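First up is the structure itself, then whatever we jot down about it.
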There are 2 protein chains.
Amino acid sequence: MGKITTRTAIIEAADRLFYQRGFEATSFSDIAEIVKISRGNFYHHFKTKDEILDAVISNRLVMTQQLLHTWDAEGATPEERIRRFIHILIANWDKISAFGCPVGTLNTELVKLEHAEQPHALKLFSLFRSWLCHQFELLGHDAAAVELSMHLLARTQGVATVASAFNDEKFVRHEVQLMCDWLTSFADAASSGEKNVGNH
Amino acid sequence: MGKITTRTAIIEAADRLFYQRGFEATSFSDIAEIVKISRGNFYHHFKTKDEILDAVISNRLVMTQQLLHTWDAEGATPEERIRRFIHILIANWDKISAFGCPVGTLNTELVKLEHAEQPHALKLFSLFRSWLCHQFELLGHDAAAVELSMHLLARTQGVATVASAFNDEKFVRHEVQLMCDWLTSFADAASSGEKNVGNH
DNA sequence: GTCTATAGATTGATAGAC
DNA sequence: GTCTATCAATCTATAGAC
């Protein structure tokens, strides 16, 4: 696991380029230049470009699951864990400002292209959603957990898109604060038995 | 104005395809097929593909301004006008579900490509932001008007991204309801002199 | 103003030597 | 497993006839 082979090197280079330039805008030449192999050598490891995309997504799914496990291990409370999620916007701001959210932008591109791999890429979103959903359930919001996780997913996506377009870090910090405040009012409501499913 | 020339036909076809497939993924052949001209004929009207993009963005800016004027004319109150903005998500759901938000997805793509036209495309966002800002000022929220318009911009962007990825119309309707409720609580607070700049 | 023909580069993909 | 050589298609862009 994690062994450095040509195959994994291709996947990692493709992962980076698909994120930074987009899937369509990335060519075999671009990847070959990074991995230092010839273009012809690709086809020993992958039959088509789509197969590389498939491997990249699968790899991202594994990495994402590892990330979520880390958050599970390090976050003491569900509130703290969700806060961790919200704070990716700040922690990864350098990348997000330049290339947007890796999950959101990939899905958007594949939806537009009606690409067969879009359902696969959607699983990245679903992973976060399921994890968030579980955290909200732990906060005692069983009924609204799905809506709440979708809501938070959308909030973070929107902030990434708008902040990246305007290149506005101050806005990100402000919105992260708003989401954390919202979360706190939420966790408090949970511990006091109050209901707060509506607006935020 | 609005005269049907080859030039305007190219712009309209390019506009549609840049939205539906993305800028990079659209070729001259694709546009030529719609406009029914030869590929060589493009260069009588535009020197480069980037010039077509520039013309498309300029055209979108004009159309957007017209849309905002319509909302100004038809909406009796700032609250009603903002509601109009929020409801594009439902009104244009067919397109948004298939291709995302035309403003957000174009900006995201051009940011990734570090394209020289990105600042031009950003003006589309700025148009909506300025207009929203003005509406919030009319609601008596002078100090927070910029933050509020950016916040609403991000909310709608996030909903478009996530709903398009999941192809979930129900989620859109739910989030539109939440945003409208938030707006109402806002307008009420304004008329009763209360402050509500924080969380939503 | 529109066309055909074509340049020159690049694309994804293949074949076969080593 | 990696290479070179190459294919056919496509790309943006140009030149020049009509």
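So that the names make sense, note that chain A is the first sequence line, chain B the second, and so on, each numbered from 1. Note that the structure is predicted; figures quoted are calculated from it, not measured.
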Next item on the list: Answer yes or no: does a side-chain N or O of A/His44 lie under 4.0 Å from OP1 or OP2 of D/dT2?
Entry: no
Note to self: Please tell me if A/Tyr43 has a side-chain N or O lying less than 4.0 Å from either OP1 or OP2 of C/dT14.
What the structure shows: no
Next item on the list: Quickly work out the B/Phe28 CZ to D/dA9 P distance and round it to whole Å.
Entry: 22 Å
Checklist line | Between C1' of C/dT11 and CD of A/Glu33, the distance in whole Å | finding: 15 Å
Notebook entry, point to check: Please give, in whole Å, the distance from D/dT14 P to B/Glu51 CD?
Noted result: 11 Å
Checklist line | OP1 or OP2 of D/dC11 under 4.0 Å from side-chain N/O of B/Ser27 | finding: yes
Margin query: If you count heavy atoms of other groups shown closer than 6.0 angstrom to CD of A/Glu33, is the number above 12?
Written below: no
Checklist line | Electrostatic pair A/Arg16:A/Glu12 at N-O distance under 4.0 angstrom | finding: no
Check: Atom NZ of B/Lys36 and atom C1' of C/dC3: how far apart are they, to the nearest Å?
Finding: 17 Å
Notebook entry, point to check: Rounded to the Å, how far apart are B/His45 NE2 and D/dT14 C1'?
Noted result: 16 Å
Check: Which of the following nucleotides, C/dA13, D/dA13, C/dC3, is nearest to the side chain of A/Lys49?
Finding: C/dA13
Notebook entry, point to check: Is the distance from OP1 or OP2 of C/dT2 to the nearest side-chain N or O of B/Thr6 less than 4.0 Å?
Noted result: yes
Check: Centre of A/Phe23's six-membered ring, under 6.0 Å away, within 45 degrees of the axis: is that where NZ or CZ of A/Lys49 sits?
Finding: yes
Check: Whole-Å distance between D/dC11 C1' and B/Phe42 CZ?
Finding: 13 Å
Checklist line | Whole-Å gap separating P (C/dT10) and CD (A/Glu24) | finding: 18 Å
Note to self: Base, sugar-phosphate or nothing for B/Thr26? Non-hydrogen atoms, less than 4.0 Å.
What the structure shows: sugar-phosphate
Item checked: B/Glu114, CD atom: more than 12 neighbouring heavy atoms under 6.0 Å -> no
Next item on the list: Would you indicate, yes or no, if D/dG1 has its OP1 or OP2 atom less than 4.0 angstrom from a side-chain nitrogen or oxygen of A/Asn41?
Entry: no
Checklist line | Heavy-atom neighbours of A/His134 NE2 exceed 12 at 6.0 Å | finding: no
Margin query: Here's a test of your reading of the structure: between A/Thr48 and B/Arg39, which maps to the more 5' nucleotide of DNA chain C?
Written below: B/Arg39
Check: Starting at CD1 of A/Ile31 and ending at P of C/dA13, how long is that distance when rounded to a whole Å?
Finding: 11 Å
